[in-house]
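What follows is a set of notes on a single structure, which appears directly below.
Residue numbers run from 1 in the order of the sequence given.
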Amino acid sequence: MSNTVKSEIKFNVELDENRIPEKLTWTAQDGGVDQEEAKAMMLSIWDSKAQETLRIDLWTKDMPVDEMKLFFHQTLVAMSDTFQRATADEKMADTMKDFCDYFAEKLELKK
């Protein structure tokens with residue numbers, strides 16, 4: 001018998017009549033999250049057989065553009081950190097972080 005533990009993360013998307021997301025909520029019981037509202041999400045899944053990334057990018061129609069810019073910046077920074085932890089390639093992670101700084105500067109995100 002296996003000693004594995006299962007954990008579930010659920011996303012709920014409410015769509016308007018044109019199938020545009022109006023409301024996003026998510027639940028992760030192990031993380032203490034229950035039906036928390038979100039304005040945007042990006043999910044990437046690696047398909048090992050096809051050797052490609054599958055993606056779901058959703059945002060609600062009331063997601064403000066200034067928040068979307070922050071969301072992208074913070075996601076890029078997090079991806080840089082994850083890349084470094086996953087590959088131990090510090091040189092490329094630093095290059096990615098340099099791009100994140102450039103991105104923030106061009107969008108005037110850092111004050």
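When side chains are defined from C-beta on, Val33 does not count as touching Thr27, because their heavy atoms never get closer than 4.5 Å. The closest side-chain heavy-atom distance from Gln29 to Asp34 is below 4.5 Å. Contact check for Phe71 versus Lys39: no side-chain heavy atoms found under the 4.5 Å cut-off. Looking at Lys69 and Leu109, their side chains come closer than 4.5 Å, going by heavy atoms from C-beta outward.
Atom CE of Met68 has more than 12 neighbouring heavy atoms from other residues, nucleotides or ligands inside a 6.0 Å radius. The environment of CZ in Phe72 is sparse: at most 12 heavy-atom neighbours from other residues, nucleotides or ligands sit within 6.0 Å. Within 6.0 Å of NZ in Lys23 there are 12 or fewer heavy atoms belonging to other residues, nucleotides or ligands. Atom CD of Glu52 has more than 12 heavy atoms from other residues, nucleotides or ligands within 6.0 Å. Remark: Met79 CE is loosely packed, at most 12 non-hydrogen atoms of other residues, nucleotides or ligands lying under 6.0 Å away. For Lys61, the NZ atom sits in a packed shell: over 12 heavy atoms of surrounding residues, nucleotides or ligands are nearer than 6.0 Å.
With hydrogens and angles disregarded, no donor-acceptor distance shorter than 3.5 Å links the side chain of Ser80 to the backbone of Ala93. Of the possible donor and acceptor atoms, one in the side chain of Asp47 sits under 3.5 Å from a partner among the backbone N and O of Lys49.
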* To do: Let me see the working for Trp26 and Lys10 under side chain to side chain contact (heavy atoms under 4.5 Å, CB included), right down to the final yes or no.
  => CA-CA 5 Å; Trp26 67 291; Lys10 293 181 184 179; over 6 Å; no
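For Arg55 and Asp57, the salt-bridge test passes: some basic side-chain N is under 4.0 Å from an acidic carboxylate O. Under a 4.0 Å N-O distance rule, the pair Glu108/Lys106 does not qualify as a salt bridge.
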